[in-house]
*Asks:* 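Structure incoming, see below.
Both backbone and side-chain heavy atoms feed into the values below; hydrogens, waters and symmetry mates do not. Labels below follow one simple rule: chain letters A, B, ... track the order of the sequence lines, proteins then strands, and each chain is numbered from 1.
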Amino acid sequence: MTYEFTLHLDRGVTEDEADALYGAFDDGSIVTGPGGTTIDFTREAASWVTAIVTAVNDIEGAVPGVRVTGVGQDDLVSMLEIAQRTGRTREAVRLWAAGQRGPGDFPAPAWESPGGERFWHWRDVARWARERMNLAVEVVPDEIRVADEVLKARQAMAEAQQILRDSDDATRRYLGPLLDYA
Amino acid sequence: MTRWSHSKPEVRKALDEADADGLRVEPTETRGHSWGYVDCVHPDCADPQRRYYVNSTPKNQDNEASKIRRFIRRHQHRKEGPRPEV
């Protein structure tokens with residue numbers, strides 16, 4: 001299966017780091033700046049969890065010190081991405097959009113690129129697919145929400161450990177055991 | 001037709017669109033895996049993420065082209081004002 005998701009990183013990446021990242025994977029695209037980095041993946045994998053975990057490992061293995069802090073999905077989707085998210089072929093989606101297959105009333109595109117590629121809001125398409133096609137598609141799949149919660153919790157844990165390292169001995173001795181919860 | 005050295009035709013087309021739309025396309029030929037980048041240099045850009053790194057050898061060129069176009073859309077400041085949502 002093909003899984004498509006966006007990972008959020010805790011900082012921007014330099015040109016050398018971008019080069020190292022693209023050396024580690026060829027199925028993600030990096031958007032970056034001082035506010036952080038997002039990497040859009042379209043990954044072949046056996047399951048959602050393997051797709052996300054291998055991508056996190058690729059990133060954190062390629063650039064020491066960078067951390068993945070969350071995962072989500074972009075709302076603006078191409079025809080190919082609609083095909084991936086609904087588990088249909090791109091041709092099937094093209095026919096839906098053209099009104100030549102399915103119940104009609106496919107949502108209008110949100111934007112057309114200067115070269116003519118169309119994009120849709122996923123929330124519109126997901127509603128249409130659910131209500132008109134009876135497909136079991138979610139606006140945000142449960143697997144992504146769970147993985148996002150775990151990544152955020154992992155980040156909070158790392159920050160708590162850093163705070164304890166920076167604290168005095170007594171604070172560390174009393175509060176430290178709270179982090180040993182398992 | 002295009003002046004970009006990228007090996008994938010769909011990516012070259014998307015880079016043309018980015019360039020024509022006022023984004024700065026910058027090949028950094030010395031590098032191996034990263035082909036270069038596309039920057040938003042619009043003075044009204046309030047988006048902290050203004051750079052798209054282009055993969056030299058994307059697994060799927062249609063996907064890479066779509067993602068470049070999504071970056072173009074995200075930086076339509078001239079037409080629609082800053083787009084704060086991600």
*Asks:* If every non-hydrogen atom of Ser34(B) is compared with every non-hydrogen atom of Asp19(A), which pair is closest and at what distance?
*Replies:* N-OD1, 2.8 Å
*Asks:* Measuring heavy-atom distances to chain A, does Thr57(B) have an atom under 4.5 Å in its side chain, in its backbone, in both, or in neither?
*Replies:* backbone
*Asks:* Go through the atoms of Ile30(A) and report whether side chain, backbone, both or neither lie under 4.5 Å from a heavy atom of chain B.
*Replies:* both
*Asks:* Does any heavy atom of chain B fall under 4.5 Å from the side chain of Glu17(A), the backbone, both, or neither of them?
*Replies:* neither
*Asks:* What's the separation between atom OG in Ser78(A) and atom CG in Asn63(B), rounded to the nearest 0.5 Å?
*Replies:* 6.5 Å
*Asks:* Highest number of heavy-atom pairs under 4.5 Å with chain B: which of Val13(A), Val31(A), Thr37(A)?
*Replies:* Val31(A)
*Asks:* Run the side-chain contact (heavy atoms from CB on, under 4.5 Å) test on His33(B) and Leu21(A) for me, step by step, so that the C-alpha distance in whole Å, both residues' side-chain angles and the decisive distance to 0.1 Å come before the verdict.
*Replies:* CA-CA 8 Å; His33(B) 305 296; Leu21(A) 288 167; over 6 Å; no
*Asks:* Any salt bridge between Glu81(A) and Arg70(B), counting N to O under 4.0 Å?
*Replies:* yes
*Asks:* Please assess Arg51(B) against Glu15(A) for the test side-chain contact (heavy atoms from CB on, under 4.5 Å), listing each intermediate value before the final yes or no.
*Replies:* CA-CA 10 Å; Arg51(B) 173 166 293 185; Glu15(A) 285 188 62; 4.1 Å; yes
*Asks:* Taking side chain as everything from C-beta outward and backbone as N, CA, C, O, which of these in Arg118(A) sits under 4.5 Å from a heavy atom of chain B? Side chain, backbone, both or neither.
*Replies:* neither
*Asks:* Can you check side-chain contact (heavy atoms from CB on, under 4.5 Å) on Ser29(A) and Tyr52(B), steps first, answer last?
*Replies:* CA-CA 8 Å; Ser29(A) 301; Tyr52(B) 181 104; 3.1 Å; yes
*Asks:* Looking only at heavy atoms, which two atoms of Tyr53(B) and Tyr22(A) are closest? And how far apart?
*Replies:* O-OH, 2.5 Å
*Asks:* Would Ser66(B) and Glu117(A) count as a side-chain contact (heavy atoms from CB on, under 4.5 Å) if you check the C-alpha gap in whole Å, the side-chain angles of each, and the deciding distance to 0.1 Å?
*Replies:* CA-CA 8 Å; Ser66(B) 293; Glu117(A) 182 175 6; 2.6 Å; yes
*Asks:* Side chain, backbone, both or neither: which part of Val54(B) has a heavy atom under 4.5 Å from chain A?
*Replies:* backbone
*Asks:* Test Lys67(B) against Asp74(A) for salt bridge (Lys or Arg N to Asp or Glu O under 4.0 Å), laying out the working first.
*Replies:* CA-CA 10 Å; Lys67(B) 285 166 183 174; Asp74(A) 206 300; over 6 Å; no
*Asks:* How far apart are the closest heavy atoms of Asn60(B) and Leu80(A), and which atoms are they?
*Replies:* ND2-CD2, 4.0 Å
*Asks:* Give me the atom names and distance for the closest heavy-atom approach of Trp111(A) to Arg69(B).
*Replies:* CZ3-O, 3.3 Å
*Asks:* Report yes or no: do Thr32(A) and Gln49(B) form a side-chain donor-acceptor pair below 3.5 Å?
*Replies:* no
